[in-house]
**Q** 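Got a structure for you, questions after.
Each chain gets a letter, A, B and so on, in the order the sequences are listed, and its residues count up from 1.
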Protein chains: 2
Amino acid sequence: MKNVIETVGRRERKKLETRFALRRAALRLVAENGLDRVTVADIADAADVSVRTFFNHFPCKEDALVGADLHRLQKLRAALTEQPSDRGPIAALRAVIIELAAKLSDYREDLIAEMRVVQANPALRAREMSEFAQYERELVAEVARRSGTDPARDLYPLLTARVAVSAFRAALTLWCTIENPPELSNLVGEAFDLLAQGLPPPRSA
Amino acid sequence: MKNVIETVGRRERKKLETRFALRRAALRLVAENGLDRVTVADIADAADVSVRTFFNHFPCKEDALVGADLHRLQKLRAALTEQPSDRGPIAALRAVIIELAAKLSDYREDLIAEMRVVQANPALRAREMSEFAQYERELVAEVARRSGTDPARDLYPLLTARVAVSAFRAALTLWCTIENPPELSNLVGEAFDLLAQGLPPPRSA
DNA sequence: CTGCATTTTTGCACTCTCTGCAGTGATCCA
DNA sequence: TGGATCACTGCAGAGAGTGCAAAAATGCAG
């Protein structure tokens, strides 16, 4: 480890290149052929590296497709912690998740592609689920702190963290599904509004 | 397919026996040694059947531990559909989930054992997550019907189904975690009450 | 540029997972 | 009782994933 600033020598750059080449190849091949009709050897070939190199970058085939982004995970937690302390848990969650949504706005196409691949392959769905579960876990402690509750004794923090992630996921799913969607942040806001009202069934016109 | 009534000849009985033997052996071995230090061969040996037989019952090692119970899945959906039609989505969900919770009451010990194993092994967590996701999917359509919304256009059904499952999971987790817990049904009720109030942060005494 | 240290990539051998196939024996039913 | 069915079994084989040591590429100091 040399420094924390972005010093990208040729070595690191090339490593990232091969990593992305593998990821791209994996996504493309699986999108075309389905998860179980693509071998790691296929992916490695397409990225023009050895199979062993693939496993140097990813512990398993699935991780090349839905790698849990640990970096983003920590940033989310940090963002939540840094919310003004006079905000209640829900308000704080709403703020950071809307912030996150805003950052994702530019990547709709990529997200849709990834979502297609994930939806089509149950094994990947499982992985994605557990990724979201990690988000929930990250949030529980801070929700507990802000509400003065104990995750080991009270329903509140666990429930609230999960529900917040559910709101985000529901908004994300809809945003990737419908044509000409509104801003993702707005959808997330809408979801939190529904939650605040106790999920009242919408009255038909 | 012979009939729908419970006709259990010796053949079926034996089949179920080996299945449960495999499941028990798997749970015990993994609880003792961890998921990746237990091979399918170990499990098959412990259950005194061949490895091939293991794979006749379960498509993979993980499924022997957290098998998605398709039967229960369909029953839940049916129960929701059969709720009185004048009940709103939330009320109906609350009713069927409390009903489900009541049935689980007797199996607390087994659930705790399974939960320990699942918590200790990320690969199993992923599988469990996707199992819950199946529950969500089962519920979405009926929530949409009862609320007159469209899952492809509205946030409401997806969000509500997910939040309901979140309520159940949070209650279940707490129930398996704390000592001398209240009735699971009551915890579920509590969770739904919190939801109905828009998850207000509890005011400390 | 040169030599040395570091890191990535690679090939190889090996274990384990999972599938298809063919055969055997127990169970079921007429 | 005899034929059909079904669970179980062994085997051969492809694919996933790991450890190890060697080779290639890169970074760096002199």
**Q** Within the structure, does a side-chain N or O atom of His57(B) lie under 4.0 Å from either OP1 or OP2 of dC8(D)?
**A** yes
**Q** Which pairs count as salt bridge (charged side-chain N to carboxylate O under 4.0 Å, His left out) when at least one residue sits in residues 144-157 of chain B, sequence neighbours excluded?
**A** Glu142(B)-Arg145(B), Glu142(B)-Arg146(B)
**Q** Sequence neighbours excluded, which residues qualify as side chain to side chain contact (heavy atoms under 4.5 Å, CB included) partners of Leu27(B)?
**A** Leu65(B), Val117(B)
**Q** Could you tell me how far apart Arg37(B) (CZ) and dT17(C) (P) are, to the nearest whole angstrom?
**A** 14 Å
**Q** Please tabulate, for the side chains in residues 186-198 of chain A, all donor-acceptor contacts under 3.5 angstrom to protein atoms that are two or more places apart in sequence or on a different chain.
**A**
unit_1: Asp193(A); atom_1: OD1; unit_2: Arg94(A); atom_2: NH1; d: 2.9
unit_1: Asp193(A); atom_1: OD1; unit_2: Arg94(A); atom_2: NH2; d: 3.3
unit_1: Gln197(A); atom_1: NE2; unit_2: Asp193(A); atom_2: O; d: 3.4

**Q** May I have the distance from Glu17(A) (atom CD) to dT8(C) (atom C1'), rounded to whole angstrom?
**A** 13 Å
**Q** Checking salt bridge (Lys or Arg N to Asp or Glu O under 4.0 Å) between Arg77(A) and each of Glu138(A), Glu82(A), Glu136(A), which is the one that passes?
**A** Glu138(A)
**Q** Any salt bridge (charged side-chain N to carboxylate O under 4.0 Å, His left out) involving residues 111-121 of chain A? Give me the pairs, sequence neighbours left out, ordered by first then second residue.
**A** Arg23(A)-Glu114(A)
**Q** For Lys14(A) and dT7(C), give me the distance from atom NZ to atom C1', rounded to whole Å.
**A** 13 Å
**Q** Would you indicate, yes or no, if dA7(D) has its OP1 or OP2 atom less than 4.0 angstrom from a side-chain nitrogen or oxygen of Thr18(B)?
**A** no
**Q** According to the ring pair (Phe, Tyr, Trp, His ring centres under 6.0 Å) rule, which pairs have a member within residues 32-64 of chain B, sequence neighbours left out?
**A** Phe54(B)-Phe58(B)
**Q** Report, as a single string ordered 5' to 3', how protein heavy atoms within less than 4.0 Å touch nucleotides 10-15 of chain C: B base, S sugar-phosphate only, - not at all.
**A** BBB---
**Q** Please name all residues satisfying side chain to side chain donor-acceptor pair (under 3.5 Å) with Ser50(A), sequence neighbours left out, ordered by chain then number.
**A** Thr53(A)
**Q** Tabulate atom names and distances for all N/O pairs under 3.5 angstrom spanning the protein and nucleotides 23-25 of chain C.
**A**
none

**Q** Find the distance Leu16(B):CG to dT27(C):P and express it as a whole number of Å.
**A** 15 Å
**Q** Under 3.5 Å, side-chain donor or acceptor atoms of residues 34-47 of chain B against the rest of the protein: list the pairs with distances, not counting sequence neighbours.
**A**
unit_1: Thr39(B); atom_1: OG1; unit_2: Ala41(B); atom_2: N; d: 3.3
unit_1: Thr39(B); atom_1: OG1; unit_2: Asp42(B); atom_2: N; d: 3.1
unit_1: Thr39(B); atom_1: OG1; unit_2: Asp42(B); atom_2: OD1; d: 3.4
unit_1: Thr39(B); atom_1: OG1; unit_2: Asp42(B); atom_2: OD2; d: 3.3
unit_1: Asp42(B); atom_1: OD2; unit_2: Thr39(B); atom_2: N; d: 3.0

**Q** One pair to check against salt bridge (charged side-chain N to carboxylate O under 4.0 Å, His left out): Arg127(A) and Glu131(A). What are the steps and the verdict?
**A** CA-CA 6 Å; Arg127(A) 235 146 231 283; Glu131(A) 200 184 338; over 6 Å; no
**Q** Suppose we screen for salt bridge (Lys or Arg N to Asp or Glu O under 4.0 Å). Which residues come up paired with Arg52(B), at least two apart in sequence or across chains?
**A** none
**Q** Using a cutoff of under 3.5 Å, can you pull out all pairs of nitrogen or oxygen atoms linking the protein to nucleotides 14-16 of chain D, with atom names and distances?
**A**
unit_1: dA16(D); atom_1: OP1; unit_2: Val40(A); atom_2: N; d: 3.4
unit_1: dA16(D); atom_1: OP1; unit_2: Lys61(A); atom_2: NZ; d: 3.3
unit_1: dA16(D); atom_1: OP2; unit_2: Val40(A); atom_2: N; d: 3.3

**Q** What is the distance, rounded to the nearest whole Å, between atom CZ of Phe58(A) and atom C1' of dT9(C)?
**A** 15 Å
**Q** Expressed as a whole number of angstroms, how long is the span from Asp63(B):CG to dT19(C):P?
**A** 10 Å
**Q** Between Asp42(B) (CG) and dC18(C) (C1'), how many Å, whole number?
**A** 16 Å
**Q** Under 3.5 Å, which donor-acceptor pairs do the side chains of residues 165-174 of chain B form with other protein atoms, sequence neighbours left out?
**A**
unit_1: Ser166(B); atom_1: OG; unit_2: Ser166(A); atom_2: OG; d: 3.2
unit_1: Ser166(B); atom_1: OG; unit_2: Arg162(B); atom_2: O; d: 2.9
unit_1: Thr173(B); atom_1: OG1; unit_2: Arg169(B); atom_2: O; d: 2.8

**Q** Expressed as a whole number of angstroms, how long is the span from Leu35(B):CG to dC16(C):P?
**A** 14 Å
